[in-house]
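To start, the structure under review is shown below, and the notes come after it.
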Amino acid sequence: MTTSGPLTDDGLVQLLTPTGERVDHPDYTPRVAHLDDEALRGLWRDMVLVRRFDTEATALQRQGELGLWAQCLGQEAAQVGSGRALAPQDYVFPSYREHGVAHTRGLDLTELLRLFRGVDHGGWDPTDVNFHLYTLVIGSHTLHATGYAMGVQRDGAVGTGDPGRDTAVVTYFGDGATAQGDVNEALVFAAVNNAPLVLFCQNNQWAISEPTTRQARVPLAARGPGFGVPSVRVDGNDVLACYAVTAEALERARSGGGPTLVEAFTYRMGAHTTSDDPSRYRSAAEEDYWRQRDPIDRLTTYLTATGALTDAFRAEVEAEADALGERTRTFVRALGRPETSTMFEHVYATPHAVVDAERAWFEQYEASFAGGEQR
Amino acid sequence: MTTQRMTFAKAINTGLRKALEHDPKVMLMGEDIGALGGVFRVTDGLAKDFGGDRVVDTPLAESGIVGTAIGLALRGYRPVCEIQFDGFIFPAFDQITTQLSKMHYRSRGRLNLPVVIRVPYGGGIGAVEHHSESPEVLFAHTAGLRVVSPSDPQDAFTMIQQAIASPDPVMFFEPKGRYWEKGDVDTDADPLAAASTLDGARVLRSGTDVTLVAHGPTVATALKVADAAASEGRSVEVVDLRTISPLDTTAVAESVRRTGRCVVVHEAPVLYGTGAEVAARITEECFYHLEAPVLRVGGFHTPYPVAKLEHEYLPGLDRVLDAVDRVLAH
Ligand SMILES: Cc1ncc(C[n+]2csc(CCOP(=O)(O)OP(=O)(O)O)c2C)c(N)n1
Ligand SMILES: [Mg+2]
């Protein structure tokens with residue numbers, strides 16, 4: 001751990017230490033005071049289920065059932081903590097690794113797999129759960145989130161004081177993304193419009209093979225003030241702290257206080273994707289170090305010590321995770337190849353003569369083989 | 001019917017005003033479009049009448065303009081973005097081609113992005129570099145975008161309203177060299193009831209010897225060519241494409257079947273241009289009606305040249321007439 005630069009642990013908000021001790025923070029302890037044992041068990045359950053799903057999806061990729069998988073392994077606390085701070089009317093613009101957030105939005109995790117199976121470019125109706133489609137072009141969606149938040153403002157859904165109406169928008173992106181023009185433009189547009197936006201950066205220390213030191217020479221959160229955007233650095237492996245800082249940022253957004261940049265300092269414990277080989281660019285020692293700081297373990301330790309995590313509850317969640325794994329395998333294997341003609345669907349919302357003509361030609365071409373096959 | 005004589009720029013302004021009045025979700029965004037009214041004054045007076053939340057002076061960042069417009073559209077708004085000049089659209093190229101064009105498709109029709117991007121384009125105005133280009137085919141090559149260009153005030157007035165009403169993203173190319181030309185505009189006409197939609201070409205001048213295909217700024221040139229040719233006893237039919245995507249080759253082919261000859265003219269470079277596409281499709285659709293190869297007249301494969309040379313670069317009356325002579329010589 002360095003003491004300066006983008007990988008420092010300086011100034012991280014923390015409520016739960018890596019060894020599972022509960023510590024206080026003058027600003028953020030009150031933000032989690034209402035979380036009772038049941039709520040804390042809920043966060044633990046979320047993280048365990050997401051990890052099981054993630055492991056299952058990785059295995060399915062290895063078996064050739066998925067073309068690719070991007071693990072969120074190690075980032076469960078950042079995703080579940082922030083996601084559980086959201087209200088139903090809030091809207092999320094994820095990048096492509098936010099499976100934990102998807103789960104907190106109520107999206108059935110299996111729906112995420114259509115994209116990685118290669119049967120859909122999206123896979124779910126974003127407006128059902130206020131969770132936009134994954135975006136693979138790094139940083140592009142942060143501007144969509146900003147525009148959406150500008151729309152929320154125009155709808156008068158900010159600063160009314162009505163907790164069922166006031167709406168915040170959250171966008172997730174990585175450390176690598178912070179170098180993109182679009183992310184910087186999102187900060188500019190959000191700032192000058194005072195948009196109800198939370199820019200949630202998961203600094204997992206790697207952008208494929210490039211460490212965060214290739215993206216910045218200061219902690220990423222230090223960029224916020226230059227844009228006029230309040231910023232906070234949080235221990236991204238501490239689910240309580242992630243919940244607390246997100247809750248604060250959401251409150252600021254919903255009440256009309258404008259955007260916040262959150263940097264959740266975490267670690268990508270797995271490979272970038274199933275196509276990646278981290279042994280080419282990082283050490284086993286580093287991976288070990290972070291394995292000791294596993295976000296689930298520290299909550300397990302804490303809740304076991306307080307007695308909140310009973311054996312019965314653990315067994316219940318274990319069974320639930322097994323069922324999810326089973327359901328995931330069945331779901332993926334049942335996802336058939338889409339009809340070829342669907343390639344031509346929804347290119348435009350209204351008819352387009354060129355697409356229509358090409359589709360008609362192609363269907364007639366395909367049909368011309370139908371007789372031949374029988375002979 | 002209220003017919004008013006107005007400039008091309010005023011016709012778009014009037015169309016934008018109608019759209020803002022008609023639908024509270026319509027909003028304009030761009031650089032200097034508020035108090036200044038845009039560098040070409042196309043949005044003159046609109047910020048004053050509709051307020052800064054609906055006619056938005058944005059930060060100076062094109063990707064940001066289009067990217068936030070996408071987000072606004074996802075929230076139910078109908079943003080109309082102004083890109084200040086053709087040559088400055090490229091910072092937004094990523095958002096337009098990877099995001100705007102594909103959202104409907106990748107959401108399997110669940111999401112629509114009714115976003116219009118207005119682009120003053122084309123040359124002939126004596127400008128410094130990056131202010132005279134014609135990048136329309138770069139967008140026509142991307143599925144999911146509609147790419148249109150009006151050529152006269154009436155069409156500009158109608159088409160801008162049709163573009164805003166479209167559930168698809170529309171790239172709206174405005175021939176900036178024609179902004180100050182005047183025409184009669186029926187401002188009462190309902191754009192959605194208009195005979196011409198955003199999808200079709202139109203025959204602007206009937207003729208029997210050659211079909212001359214143009215769009216945007218070169219339509220006026222084509223009409224002048226038809227006049228000049230007529231004085232030499234040659235009858236030129238002028239087809240205004242109006243839309244590059246979709247491309248209405250049915251209308252062009254229908255004309256070429258009668259004339260047997262075709263010349264396509266545009267300011268954009270000839271290499272891989274609209275003319276190449278029209279020529280290929282016409283050859284395929286009416287090969288046996290053709291008396292001569294389809295010829296293209298347009299910009300050269302050079303960067304847009306310095307202002308003092310632009311009239312040699314642009315397809316003017318003489319070069320188009322020359323092409324007409326050449327197809328007739330066959
Ligand atoms: C514009 C763009 N450039 C390159 C890529 C290829 N790419 C995919 S993920 C990635 C690294 C992203 O790193 P980061 O933003 O830190 O997110 P993480 O993957 O760590 O979650 C790269 C370079 C891309 N998807 N988009
Ligand atoms: Mg990263």
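We name chains A, B, ... by the order of the sequence lines, and we start the count at 1 in each one.
- Only the side chain of N112(B) comes within contact range of chain A, with at least one heavy atom under 4.5 Å from a heavy atom of that chain.
- Counting all heavy atoms, side chain and backbone alike, S245(B) lies closest to H352(A) at OG-NE2, 2.9 Å.
- Only the side chain of R110(B) comes within contact range of chain A, with at least one heavy atom under 4.5 Å from a heavy atom of that chain.
- With respect to chain B, the highest number of heavy-atom pairs below 4.5 Å among V355(A), D155(A), V137(A), V347(A) belongs to D155(A).
- For a residue to count as touching a neighbouring chain, one of its non-hydrogen atoms must lie under 4.5 Å from one of that chain's; by this rule P126(A) touches chain B with the side chain only.
- Side-chain contact, D182(A) with Q95(B): a donor N or O sits under 3.5 Å from an acceptor N or O.
- At a 4.5 Å heavy-atom cutoff, T197(B) makes no contact with chain A through either its backbone or its side chain.
- Y348(A) places a side-chain N or O within 3.5 Å of a backbone atom of L145(B) that can act as its donor or acceptor partner.
- Side chains of D199(B) and T350(A) form no contact here, defined as non-hydrogen atoms less than 4.5 Å apart.
- Taking 4.5 Å as the limit, some side-chain heavy atom of V354(A) sits within range of a side-chain heavy atom of R281(B).
- Neither the backbone nor the side chain of D248(B) comes within contact range of chain A, judged by heavy atoms closer than 4.5 Å.
- Of the two parts of K25(B), only the side chain, counted from C-beta on, holds a non-hydrogen atom closer than 4.5 Å to a non-hydrogen atom of chain A.
- When side chains are defined from C-beta on, R108(B) does not count as touching W124(A), because their heavy atoms never get closer than 4.5 Å.
- At a 4.5 Å heavy-atom cutoff, V66(B) makes no contact with chain A through either its backbone or its side chain.
- Note that the NE2 atom of H104(B) and the CD atom of E345(A) stand 10.0 Å from one another [nearest 0.5 Å].
- Both the backbone and the side chain of V152(A) come within contact range of chain B, each with at least one heavy atom under 4.5 Å from a heavy atom of that chain.
- Of the atoms belonging to A157(A), it is side-chain heavy atoms, and not backbone ones, that fall under 4.5 Å from chain B.
- Near-neighbour residues of residues 188-200 of chain A relative to chain B, defined by a heavy atom under 4.5 Å from a heavy atom of that chain, comprise V188(A), F189(A), V192(A).
- Contact tally against chain A (heavy-atom pairs below 4.5 Å) for A61(B), P169(B), A143(B), S101(B): the top residue is A61(B).
- Options Q153(A), M150(A), H141(A) differ in how many heavy-atom pairs under 4.5 Å they form with chain B, and the most are formed by M150(A).
- If you measure heavy-atom distances from T342(A) to chain B, the contacts under 4.5 Å come from both the backbone and the side chain.
- The part of F93(A) that comes within reach of chain B is its side chain, from C-beta onward, which places non-hydrogen atoms under 4.5 angstrom from that chain.
- With a 4.5 angstrom heavy-atom cutoff, N184(A) does not touch chain B via any of its atoms.
- Interface remark: T98(B) contributes side-chain atoms only to the contact with chain A (heavy atom separation under 4.5 Å).
- H346(A) and S107(B) form no side-chain donor-acceptor contact under 3.5 Å, judged by distance and modelled atom types alone.
- Proximity to chain A at a heavy-atom threshold of 4.5 Å picks out T68(B), I70(B), G71(B), L72(B), L74(B), R75(B), Y77(B) from residues 68-90 of chain B, in numerical order.
- Most heavy-atom pairs under 4.5 Å with chain A, from the set P167(B), P114(B), G144(B), S166(B): that is G144(B).
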